[in-house]
Amino acid sequence: MSGDKNPSSFTIGNTAQEKGLDYVPECYVVSPSKSSSSGTEKARIPTIDMSRLRMNGNKRSIAIEELSEDCRHRGFFQSNDVYNPVRYGTSLKNGADKVQFWRVFLKHYAHPLDAWIDSWPHNPPQYREKMGKYCAQVRNIALELMGMVIESLGISPNRLTPQIDRGMQVMAVNCYPPCPKPEMPLGLPPHSDYTCLTIILQSSTGLEILDTDDGNWKMVPELHGVLQVHIGDHFEVMSNGVYKSVVHRATLNSEKTRVSIASLHSLGMDDKMETANELIDEQNPKRYKESSFKDFLDFLANNDIADGKHFIDTLKI
Ligand SMILES: O=C(O)CCC(=O)C(=O)O
Ligand SMILES: [Fe+2]
């Protein structure tokens, strides 16, 4: 690739971010209206206290009510639960990308753990053990939160239990090397996750969310030991649009490598997420078609997220 500033695709190990180039090839440049230079204001992210959500009685009802407000207005919150930290690629569309992104990632399935762990990388040697522990713990938190989010909509918390229990957990371990011109490319383009919930851990700032109140990008602060939680497309569907999935993107910096670990929680591969009947009436007709994780994978195979195509838009009635 050296000397070639605008190749249409790269082989693994040859991307600009992996090679640490001191310039940004043209195929990484996003149009100025989409670039990251505007996103400096900090997002106001509500923090939920899991211990209050785990209480009984009145205190819990108040915490569930607050959770409902956070989901309704932001679709994004963070949990104060502390945890112990820990498909390789660079391309969104298996080398067919029109625009490249400054990211190296590993993605793998994580639930049930014993079905997948043997397929995870051997290196670094402790990866399986540490990531295995993290995946199990973060899934427990996700299950608990999903139940609470469902309850906060006034739906019985057990309603989706069987589907959630056999649900999928996908881990995306994202690495964003320092970029010589961090305002030109993006680490990841604006997108919402297909999930019910996504839980993110980031090593430093770079994650930004679109504030639907003013249409501006807001930076998600990095707080040590704090997990960031997104509402995904499938919870937007379930809630009949009362809760919206969060549009987010990853921005870059010129100084240090940023790592984020996203744990993506959804129903099983073929289980369809439907809008809850309790949230459909004459004033609020059903707004979304049902869909599964498999439907999302089919969407990905046929569409380019970097072109601004959103899975949730294909589900709107
Ligand atoms: O790096 C980040 O903070 C965002 C990662 C993300 O959005 C994803 O993996 O879907
Ligand atoms: Fe995402």
Side-chain angles (χ1 to χ4, degrees), residues 17 30 34 36 39-40 42-43 45 74-79 85-93 97 99-110 131 134-135 138-139 142 168-179 182 185-211 217-236 243-253 256-266 293 296-297 299-300 303-306 308-313:
Q17 63 271 34
V30 291
K34 291 182 184 159
S36 61
T40 44
K42 259 195 203 165
I45 312 268
R74 294 243 173 274
F76 193 101
F77 51 86
Q78 55 200 6
S79 149
V86 203
R87 190 184 62 178
Y88 180 64
T90 56
S91 146
L92 284 178
K93 267 187 81 70
D97 317 65
V99 179
Q100 304 282 330
F101 295 95
W102 203 269
R103 175 181 76 140
V104 184
F105 69 87
L106 172 70
K107 270 190 189 180
H108 55 66
Y109 292 108
M131 188 53 119
Y134 179 67
C135 290
V138 82
R139 183 167 190 271
M168 312 281 301
Q169 177 181 15
V170 175
M171 303 304 292
V173 185
N174 302 303
C175 169
Y176 306 94
C179 176
L186 279 168
L188 265 181
H191 67 284
S192 57
D193 296 337
Y194 64 91
T195 51
C196 296
L197 277 190
T198 303
I199 299 188
I200 295 194
L201 170 74
Q202 55 174 347
S203 66
S204 57
T205 52
L207 174 61
E208 292 185 352
I209 55 175
L210 188 61
D211 186 333
W217 289 102
K218 302 283 166 68
M219 187 188 76
V220 173
E222 189 271 319
L223 297 168
H224 189 68
V226 169
L227 301 174
Q228 258 111 19
V229 187
H230 297 192
I231 297 287
D233 295 340
H234 275 145
F235 265 3
E236 177 168 338
Y243 297 166
K244 297 283 191 302
S245 58
V246 180
V247 177
H248 55 285
R249 66 182 187 177
T251 61
L252 304 163
N253 75 80
K256 58 177 177 185
T257 295
R258 172 175 178 265
V259 175
S260 72
I261 303 177
S263 182
L264 301 127
H265 301 269
S266 66
F293 180 44
F296 168 73
L297 294 179
F299 165 85
L300 257 196
N303 291 278
D304 199 341
I305 295 185
K309 300 275 188 324
H310 296 293
F311 177 54
I312 190 72
D313 292 336

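Because the structure is a prediction, the values reported are computed rather than measured. Whatever order the structure lists ligands and atoms in, that order sets their numbers, starting from 1. The residues of the chain are indexed from 1 along the displayed sequence.
- The shortest side-chain heavy-atom distance between V173 and F105 does not fall under the 4.5 Å cut-off.
- In this structure, NE2 on H230 lies 10.0 Å from OG on S192, to the nearest 0.5 angstrom.
- To the nearest 0.5 Å, atoms CG (L264) and NZ (K107) are separated by 7.0 Å.
- Ring geometry for F299 against F311 counts as tilted: the plane angle lies between 30° and 60°, on a 0 to 90° scale.
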Pick out the protein N or O atoms lying less than 3.5 Å from any N or O of ligand 1, and list each pair with its distance.
| from | atom 1 | to | atom 2 | distance (Å) |
| --- | --- | --- | --- | --- |
| ligand 1 | 1 (O) | Y176 | OH | 2.6 |
| ligand 1 | 1 (O) | R258 | NH1 | 3.1 |
| ligand 1 | 1 (O) | S260 | OG | 2.6 |
| ligand 1 | 3 (O) | R258 | NH2 | 2.7 |
| ligand 1 | 7 (O) | H191 | NE2 | 3.2 |
| ligand 1 | 7 (O) | H248 | NE2 | 2.9 |
| ligand 1 | 9 (O) | N174 | ND2 | 3.1 |
| ligand 1 | 10 (O) | H191 | NE2 | 3.2 |
| ligand 1 | 10 (O) | D193 | OD1 | 3.3 |

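- Looking at H191 and H248, their side chains do bring a donor and an acceptor atom within 3.5 Å of each other.
- Annotation: the span from K218 atom NZ to L210 atom CG amounts to 9.0 Å, rounded to 0.5 Å.
- One distance of note links OG of S263 with CD of Q169; it measures 4.0 Å at 0.5 Å rounding.
- The side chain to side chain contact (heavy atoms under 4.5 Å, CB included) test with M219 is passed by exactly one of T251, T205, L207: T205.
- Contact check for P189 versus V30: no side-chain heavy atoms found under the 4.5 Å cut-off.
- Only protein atoms were considered; those of element N, O or S under 2.8 Å from the Fe ion (ligand 2) number 3.
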